[in-house]
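These notes concern the structure reproduced below.
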Amino acid sequence: MLPHKQIELRLQQAVRAVLPEADVLAVLVRPCPDPKFGDYQSNALMSLAKSRKLNPRQLATDALAKLDVSEICEKVEIAGAGFLNFRLKPVVLAQTLQAAARGEHLFSEKAASPKTAVIDFSSPNVAKPMHVGHIRSTILGDCLARTLRLLGHRVITDNHIGDWGTQFGMLLLGWKHHLKPDALKTDPIGEMERLYKMVNATGEAMATVRDAARQELVKLQSGDGENLKIWREMIALSEKQFDEIYSRLGVKFDHTLGESFYNPRLKPLVEELVVRGIARESEGALVIFFDDIPSLKEHPTLIRKSDGGFNYTTTDLATLEYRLKTWQPDEIIYVTDGRQQLHFQQVFAAFRKWQSQLPSANPHLPTLAHVWFGSILGEDGKPFKTRSGETVKLADLLDEARERALKIVSEKNPDLPEAQRHEIARVIGLGAVKYADLLPNRQSDYVFSWDKMLALQGNTAPYLQYAYARIKSIFRKAEETSPAAPKRSEGGNIEHRTLNIELAAAEEITLAKHLLNFGLTLEAVAEEYRPNFLCNYLFELAGKFTAFYENCPVLKADSAVRDSRLALCDLTARVLKQGLETLGIETVEQM
RNA sequence: GCGCCCGUAGCUCAGUUGGAUAGAGCACCUGCCUUCUAAGCAGGUGGUCCCGCGUUCGAAUCGCGGCGGGCGUACCA
């Protein structure tokens with residue numbers, strides 16, 4: 001168990017001894033904001049004292065009397081209003097690093113009770129190009145999936161693509177009358193988008209076009225052979241595009257169950273909801289009212305439109321039911337933009353209402369989480385919407401990123417073979433785009449900017465990848481200059497089985513202590529669904545490594561120091577690589 | 001009208017149960033490539049954390065009231 005966990009556990013036991021009724025799970029041990037206070041601190045006693053009108057310093061003293069962490073920490077200090085400050089014993093720090101060097105852990109622990117989580121993200125629409133608006137959901141969702149998996153949870157990713165709905169009426173009408181086969185061959189998505197826009201535009205002016213489109217939709221929904229055939233072709237063409245983008249992004253889904261998958265279930269589902277008295281007719285539509293939920297009292301949700309059609313609430317309820325039956329998840333996570341908050345409140349409330357009324361009511365309903373993110377804005381601060389020709393296509397963004405990175409790598413490192421420079425540019429460009437998306441708090445609105453997305457300096461992915469490449473460079477040099485250098489194990493890491501890690505320089509100690517906080521950070525990411533915590537952690541790690549790199553020569557040091565520093569380098573590289581991988585970002589050995 | 005979110009350095013933004021002297025990147029200024037990769041480092045400039053009141057030992061963070069902005073609010077998703 002990592003030292004801070006041990007401290008936390010013992011502190012919780014001590015608090016239980018002093019305040020038996022207290023919720024000790026809220027007693028947390030966190031890294032100190034400033035190393036002068038110590039390595040870890042707990043503020044919990046102050047809030048416990050406050051709610052009980054106790055003297056916080058006295059409570060701290062009482063808890064301390066029951067606390068024995070002497071083999072982990074130096075003397076525990078009570079500071080200020082009642083902070084407990086812990087300072088790790090150097091030997092504990094060294095032992096933790098050595099255990100990591102032996103491959104026993106990488107500063108994180110698997111969850112004690114693994115859960116099953118379904119993550120719903122990306123969800124692009126058929127017949128439309130993937131643009132920058134899709135990147136947040138895709139990258140965030142993928143990162144959350146990776147984080148939960150790393151922590152030992154069972155994760156099921158599901159891409160709920162938009163392959164059904166009213167847009168297909170217009171698409172079918174356009175396809176039948178205005179399709180340009182050559183254009184479809186060269187740029188299928190562009191051609192389908194053109195058809196949609198064209199019919200949509202004329203439909204706004206002409207009722208006959210609207211009606212014709214509606215007719216095509218009705219035919220599709222009632223199983224018309226020709227329309228189904230065209231519809232399937234549109235999906236196939238779109239999925240080809242999705243696959244290309246996902247392959248470039250390195251994003252994989254366990255399932256791609258689009259809206260149409262749930263189509264057969266919609267009618268019986270709605271009937272069931274009516275029979276159970278959850279939905280009722282209102283103004284010609286079937287509606288679920290939430291009179292018992294104040295925040296939703298004014299916001300009923302439709303599950304069948306007055307024209308008999310179903311909408312996305314219906315589909316989402318059917319989807320929830322399917323996921324529950326199929327995977328028995330503990331948690332279902334939806335990664336969409338914040339504008340859908342009300343919708344998900346309604347879906348979640350309707351689902352609970354429905355499930356609670358089933359005869360065999362499931363006592364263990366999953367946690368439903370809407371992980372929302374801010375809107376994408378243009379550089380003018382106005383909503384970045386699909387206006388004619390102004391959408392930045394995802395493929396173009398990735399191309400531009402790769403080109404800018406190639407230009408830089410060719411300047412910095414012209415001697416590398418061309419193929420290698422291209423590969424580096426791919427990894428760096430892609431990493432920069434992803435990192436730019438993960439770094440801000442997800443709830444902030446997102447001002448799209450080429451320069452920001454493609455920045456290669458400062459707090460960016462290339463900075464982290466650069467730190468990694470520098471470490472790898474040290475190891476290359478070590479092998480060149482000294483045949484007696486530590487050997488590489490099969491995993492590409494250095495063997496440390498007999499290694500003694502000794503930390504003397506301030507930069508070494510600071511770096512080492514930061515490594516210990518990797519798992520803590522991953523847990524925070526999983527808890528709050530916020531990958532930016534990991535970005536910041538890695539940026540600090542790279543910064544602390546750089547300080548070490550500037551001040552502590554590795555290869556020129558005497559044998560014992562050198563081996564210890566090599567081990568520290570290797571552990572840093574592993575955490576950087578693992579951390580970046582969790583963000584969905586690759587590393588390169590040289591750049 | 002109601003609901004959600006936001007307002008922190010010139011710009012873009014972090015800020016982990018309320019916690020210790022509010023941080024980073026960009027931009028700008030001064031230094032540092034015979035020394036493990038300068039996509040870097042060291043230092044400097046830069047703040048009424050929108051305003052006011054309150055709760056608290058302690059507020060950027062919580063409550064109330066303003067001001068400003070974004071989004072949502074029954075048949076698109």
Side-chain angles (χ1 to χ4, degrees), chain A residues 26-28 30-34 36-37 41-44 46-47 49-50 56-57 79-83 85 123 125 162 165-167 259 282-287 295-296 298-307 309 311-313 315-316 336-343 345 372 374-375 377 381-383 405 408-409 411-413 428 439-441 443-445 447 449 451-452 455-460 462-463 465-467 469-478 481 520-521 524-525 527-528 530 532-533 535-536 539-540 543 546-547 549-556 565 569 590-591:
Chain A
V27 175
L28 302 177
R30 301 278 91 137
C32 282
D34 188 322
K36 79 181 179 199
F37 300 125
Q41 65 168 247
S42 180
N43 312 330
M46 289 184 282
S47 51
K50 189 183 190 93
R57 285 194 69 107
F83 295 94
N85 289 332
S123 312
N125 288 317
T166 40
Q167 75 270 27
E259 293 168 354
S282 169
E283 298 175 29
L286 279 176
V287 184
S295 63
L296 292 179
E298 306 285 319
H299 299 287
T301 185
L302 298 198
I303 57 167
R304 197 178 73 198
K305 299 186 284 180
S306 51
D307 68 2
N311 61 11
Y312 72 148
T313 301
T315 309
D316 279 349
T336 83
D337 77 82
R339 287 175 296 193
Q340 298 190 41
Q341 284 178 85
L342 177 59
H343 166 67
Q345 281 179 34
W372 60 269
S375 310
L377 306 177
K382 290 177 183 164
I408 304 237
V409 74
E411 280 168 16
K412 305 267 183 194
N413 230 334
I428 302 298
L439 179 62
N441 180 331
Q443 293 183 334
S444 308
D445 281 343
V447 176
S449 143
D451 287 339
K452 207 167 75 175
L456 304 173
Q457 290 175 346
N459 187 356
T460 61
Y463 178 79
Q465 290 163 322
Y466 183 58
R470 281 171 137 183
I471 297 174
K472 289 294 156 177
S473 178
I474 292 175
F475 283 114
R476 276 193 301 276
K477 284 251 158 60
T481 57
L520 204 72
T521 307
V525 171
E527 185 71 24
E528 308 280 330
R530 283 161 68 152
N532 65 310
F533 291 165
C535 295
N536 287 321
F539 180 63
E540 281 172 25
T546 305
Y549 183 87
E550 299 274 335
N551 293 289
C552 304
V554 177
L555 299 177
K556 289 185 176 169
R565 286 182 177 171
C569 285
Q590 263 180 288
M591 61 185 273

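Values reported hereafter were calculated over all heavy atoms of this structure, with side chains retained and with hydrogens, waters and symmetry mates removed. The model shown is predicted, which means the values in this text are computed figures rather than measured ones. A note on names: the letters A, B, ... follow the listed sequences, proteins ahead of strands, and every chain is numbered from 1.
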Nearest-Å distance once atom [atom1] is located in both [N] and [M]:
N: B:U45; M: B:G3; atom1: P; value: 45 Å
N: B:G7; M: B:U12; atom1: P; value: 13 Å
N: B:C50; M: B:C76; atom1: C1'; value: 36 Å
N: B:U16; M: B:A60; atom1: P; value: 12 Å
N: B:G72; M: B:G19; atom1: P; value: 33 Å
N: B:G43; M: B:G25; atom1: P; value: 11 Å
N: B:A39; M: B:A27; atom1: P; value: 14 Å
N: B:C62; M: B:G10; atom1: C1'; value: 31 Å

Name the nucleic acid region contacted by [X], choosing base, sugar-phosphate or nothing; use a 4.0 angstrom heavy-atom cut-off, strictly under.
X: A:Leu342; result: sugar-phosphate
X: A:Ser306; result: base
X: A:Glu298; result: nothing
X: A:Gln345; result: nothing

Would you please name every residue forming a side chain to side chain contact (heavy atoms under 4.5 Å, CB included) with [X], sequence neighbours left out?
X: A:Asn441; result: A:Gln443, A:Ser444, A:Arg530, A:Asn532
X: A:Thr460; result: A:Ala455, A:Pro462, A:Tyr463
X: A:Ala285; result: A:Val287, A:Leu302

May I have the distance from [X] (atom [atom1]) to [N] (atom [atom2]), rounded to whole angstrom?
X: A:His299; N: B:U73; atom1: NE2; atom2: P; value: 9 Å
X: A:Phe539; N: B:G25; atom1: CZ; atom2: C1'; value: 7 Å
X: A:Asn551; N: B:C41; atom1: CG; atom2: P; value: 12 Å
X: A:Trp372; N: B:G3; atom1: CH2; atom2: C1'; value: 13 Å

Where does B:C33 land, syn or anti, given syn is within 90° of 0? syn
Under 3.5 Å donor-acceptor pair, A:Ser282 side-chain atoms to B:A74 base atoms: yes
With no angle test and no hydrogens, is the base of B:A39 tied to the side chain of A:Gln457 by a donor-acceptor pair under 3.5 Å? no
By nearest atom, which of the nucleotides B:U37, B:C71, B:G40 is closest to the A:Arg339 side chain? B:C71
Ignoring the backbone of A:Glu283, work out which of B:C36, B:A74, B:A39 is nearest its side chain. B:A74
Taking 4.0 Å as the cut-off, does a side-chain nitrogen or oxygen of [X] come that near to OP1 or OP2 on [N]?
X: A:Arg470; N: B:A38; value: yes
X: A:Ser473; N: B:U37; value: yes
X: A:Lys556; N: B:C36; value: no
X: A:Tyr463; N: B:C41; value: yes
X: A:Tyr466; N: B:A39; value: yes

Residues that A:Asp445 engages under salt bridge (charged side-chain N to carboxylate O under 4.0 Å, His left out), provided they are two or more places apart: none
Suppose we define a pair by two distances each less than 3.5 Å, Watson-Crick or G-U wobble; what does [N] pair with here?
N: B:C2; answer: B:G72
N: B:G40; answer: B:C32
N: B:G47; answer: none
N: B:A59; answer: none
N: B:U17; answer: none

Restricting to side chain to side chain donor-acceptor pair (under 3.5 Å), what partner residues turn up for A:Thr546, sequence neighbours left out? none
I need the A:Tyr549 OH to A:Arg470 CZ distance, nearest 0.5 Å. 4.5 Å
Once base and sugar-phosphate atoms are separated, protein heavy atoms under 4.0 Å mark nucleotides 11-20 of chain B, 5' to 3', with B, S and - as -SSSS-BBBB
